[in-house]
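We use all heavy atoms of the structure for the numbers below, so side chains are in, but hydrogens, waters and symmetry mates are not.
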Amino acid sequence: MEEAQALNIAFYDTRSYDRDSFTDVNKTFLYNIDFFDFHLNEKTALTAKGYEVICVFVNDTINSKVIATLKECGVKLVALRCAGYNNVDLRAAAKAGIKVVRVPAYSPNAVAEHTVALLLSLTRKIPQAYIKTRSGNFSLNGLTGRNLNGLTACILGTGRIGKLTAEILSGFGMNIEVFDVVPDNEWAAFHGFKYVQLTQLFADADVLSLHCPLTEETKHVVNAQSLQLMKRDAVIINTGRGALIDSTALVNSLKKQTLGGAALDVYEEESKYFFDDWSVNIIRDDTLARLMTFPNVIITSHQAFLTTNALKAIATTTLENIKEFKAGAEELTNEVK
């Protein structure tokens with residue numbers, strides 16, 4: 001127990017819910033944790049001095065320069081408290097002898113359920129209805145929605161979250177088409193779902209939901225060309241990664257009314273704005289500001305994961321990852337290489 005107590009961990013980009021969940025779970029591990037509310041990046045990397053382990057989130061920057069500084073500071077482990085790792089230069093980390101671990105699955109139900117909540121809110125115009133009734137306006141003008149039953153939901157990426165989303169939407173009586181570079185044909189056959197080519201996925205979608213990881217191949221998979229394949233009344237839901245969508249192309253499609261709408265929990269350039277209060281400041285990102293003006297666009301601030309269940313799972317897995325590292329395991333269960 002003394003060895004565990006001696007381990008110092010720096011947590012970056014933390015909020016009250018992070019501090020609460022990790023403090024509670026840490027009662028079992030008894031690590032020395034310091035919570036920082038600022039991002040890890042090239043300007044702040046020197047604050048890692050004196051910590052063997054650092055814990056980061058999706059909008060922290062762990063590029064080659066940051067890795068070099070972390071090595072100088074004596075950091076041996078970067079623990080991601082998320083599933084994605086596209087913000088980490090893995091080659092630089094490996095060269096520096098710094099291990100990287102992640103939380104591969106904390107609560108796929110949380111993200112899948114938020115996806116469906118966004119879809120329902122968008123298609124049934126719940127935000128507009130809420131605003132109207134709050135001001136005493138009970139008129140139904142402008143609130144006409146659309147049945148999901150009988151429409152085609154197309155799921156891009158059939159990992160755990162994508163699969164759960166497909167299964168939930170099938171419960172609405174939707175036809176399900178899916179795409180993944182590594183198809184799970186047994187799962188699809190069991191549920192009566194259909195794997196199709198990517199171009200067909202875009203063309204058939206009444207609802208397109210994005211659940212694939214962000215890689216060089218998937219960056220801007222939703223772009224001007226793929227948007228041209230889509231139906232004029234189709235909607236896009238993104239609870240995956242912001243850069244899966246070319247935001248400029250999305251704005252152009254919405255302006256031309258060649259797309260029915262979009263609900264986004266992530267945004268390509270979100271790191272400056274998401275998780276912070278900008279209500280009394282000017283948003284200088286013209287694309288984000290433009291997206292916020294469309295009545296057929298819903299934006300939530302990367303909250304799909306944010307449930308009590310998921311927070312506990314994230315904290316538990318992250319601290320278990322650190323425990324495994326501290327124990328000297330050669331192969332770490334959730335290591336990213």
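- Side-chain N/O atoms of T300 and H302 include no donor and acceptor closer than 3.5 Å.
- No donor-acceptor pair closer than 3.5 Å links the side chain of K99 to the backbone N or O of E335.
- K219 places no side-chain N or O within donor-acceptor distance of the main-chain N or O of D246, the cut-off being under 3.5 Å.
- A distance-only check finds no donor-acceptor pair linking the side chain of D37 to the backbone of D13 [under 3.5 Å].
- At a threshold of 4.0 Å, the pair D206-R146 counts as salt-bridged, since one of the basic side-chain nitrogens sits closer than that to a carboxylate oxygen.
- Applying the side-chain hydrogen bond (donor to acceptor under 3.5 Å, both in side chains) definition to pairs two or more places apart or across chains, none involves residues 248-257.
- E42 and V66 make their closest contact through N-CG2, 3.5 Å (heavy atoms, listed as atom of the first residue, atom of the second, distance).
- Once rounded to the nearest 0.5 Å, the distance linking OG1 of T199 with CD of Q225 reads 13.0 Å.
- With contacts defined as side-chain heavy-atom distances shorter than 4.5 Å, the pair F305/L311 qualifies.
- The residues R241 and E270 are annotated as not salt-bridged, no charged nitrogen and carboxylate oxygen being separated by less than 4.0 angstrom.
- The backbone N or O of E217 sits less than 3.5 Å from a side-chain atom of T215, completing a donor-acceptor pair.
- No side-chain donor-acceptor contact under 3.5 Å links D34 to the backbone of A10.
- Checking side-chain atoms of N41 against main-chain N and O of T61 turns up no donor-acceptor pair under 3.5 Å.
- Smallest separation of non-hydrogen atoms from N8 and G50: ND2-O, 3.8 Å.
- Side-chain contact annotation: D277 with S279, donor-acceptor N/O pair under 3.5 Å present.
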Hey, mind stepping through R102 and V100 against side chain to side chain contact (heavy atoms under 4.5 Å, CB included) and telling me if it holds? CA-CA 7 Å; R102 66 177 182 135; V100 180; over 6 Å; no

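- No more than 12 heavy atoms of other residues, nucleotides or ligands lie within 6.0 Å of NZ in K323, so this atom counts as exposed by the packing criterion.
- Taking all atoms of both residues into account, the shortest heavy-atom contact from I67 to A96 is CG2-CB, 3.7 Å.
- A distance-only check finds no donor-acceptor pair linking the side chain of N334 to the backbone of V103 [under 3.5 Å].
- Following chains of ILVMFWY side-chain contacts shorter than 4.5 Å, one can reach V101 starting from V25, so the two form part of one hydrophobic cluster.
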Distance-only criterion, 3.5 Å: show the donor-acceptor pairs between side-chain atoms of residues 152-165 and protein atoms not counting sequence neighbours.
| unit_1 | atom_1 | unit_2 | atom_2 | d |
| --- | --- | --- | --- | --- |
| T158 | OG1 | D180 | OD2 | 3.3 |
| T158 | OG1 | Y195 | OH | 2.8 |
| K163 | NZ | D184 | OD2 | 2.6 |
| T165 | OG1 | I161 | O | 2.9 |

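- No side-chain donor from either of T307 and H114 sits under 3.5 Å from a side-chain acceptor of the other.
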Might you work through the side chain to side chain contact (heavy atoms under 4.5 Å, CB included) test for E324 and T333, ending with a clear yes or no? CA-CA 8 Å; E324 189 178 29; T333 303; 2.8 Å; yes

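- Here D24 does not pair with K312 in a salt bridge; the nearest charged N to carboxylate O distance is not below 4.0 Å.
- With contacts defined as side-chain heavy-atom distances shorter than 4.5 Å, the pair F22/T14 does not qualify.
- Here the straight-line distance linking atom OG of S121 with atom CD1 of I126 works out to 6.0 Å at 0.5 Å rounding.
- One hydrophobic cluster holds both L288 and L244 under the rule that ILVMFWY side chains link at heavy-atom gaps under 4.5 Å.
- Expressed to the nearest 0.5 Å, how far CG of D265 lies from CG of N238 amounts to 8.5 Å.
- Here the CD-CZ distance, from Q228 to F202, works out to 12.0 Å after rounding to the nearest 0.5 Å.
- Listed for the T218 side chain is a donor-acceptor partner under 3.5 Å among the backbone atoms of P213.
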Between F193 and E177, does a side chain to side chain contact (heavy atoms under 4.5 Å, CB included) hold up when you go through it step by step? CA-CA 6 Å; F193 302 158; E177 293 184 4; over 6 Å; no

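- Ring-centre distance between H39 and Y12: not below the 6.0 Å cut-off.
- For the atom pair NE2 of H191 and CD of E167, the computed distance is 3.5 Å after rounding to the nearest 0.5 Å.
- Under the 4.5 Å side-chain contact rule for hydrophobic residues, L118 and L120 share a cluster.
- Two residues are said to be in side-chain contact when any heavy atoms from C-beta on lie closer than 4.5 Å; V178 and V196 fail this criterion.
- Hydrophobic cluster membership is shared by V221 and M230, with clusters built from Ile, Leu, Val, Met, Phe, Trp and Tyr side chains linked at under 4.5 angstrom.
- Partner of I236 under the side-chain contact (heavy atoms from CB on, under 4.5 Å) criterion, out of V297, L227, L119: L227 alone.
- Contact annotation: the side chain of F57 never approaches that of D18 to less than 4.5 Å [non-hydrogen atoms, C-beta and beyond].
- Look at K49 and E72 and you find no salt bridge, because none of the NZ, NE, NH1 or NH2 atoms lies under 4.0 Å from a carboxylate O.
- A distance-only check finds a donor-acceptor pair linking the side chain of N26 to the backbone of Y31 [under 3.5 Å].
- Taking 4.5 Å as the limit, every side-chain heavy atom of Y17 sits out of range of all side-chain heavy atoms of D20.
- The number of heavy-atom neighbours closer than 6.0 Å to CZ of R91, taken from other residues, nucleotides and ligands shown, is 12 or below.
- For R290 and F294, the positive end sits near the middle of the six-membered ring, less than 6.0 Å away and at most 45° from its axis.
- The OG atom of S301 sits 14.5 Å away from the OH atom of Y273 when rounded to the nearest 0.5 Å.
- Cluster annotation: L264 is connected to I283 through the hydrophobic network of ILVMFWY side chains, with a link wherever side-chain heavy atoms come within less than 4.5 Å.
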Check against side chain to side chain contact (heavy atoms under 4.5 Å, CB included), N32 and L7: CA-CA 6 Å; N32 295 326; L7 183 64; over 6 Å; no

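- A donor-acceptor contact closer than 3.5 angstrom is absent between the side chains of T318 and R81.
- Under the 4.5 Å side-chain criterion, counting only non-hydrogen atoms from C-beta, I98 is not in contact with L77.
- Using modelled atom types, no side-chain atom of N59 and backbone atom of L40 make a donor-acceptor pair closer than 3.5 Å.
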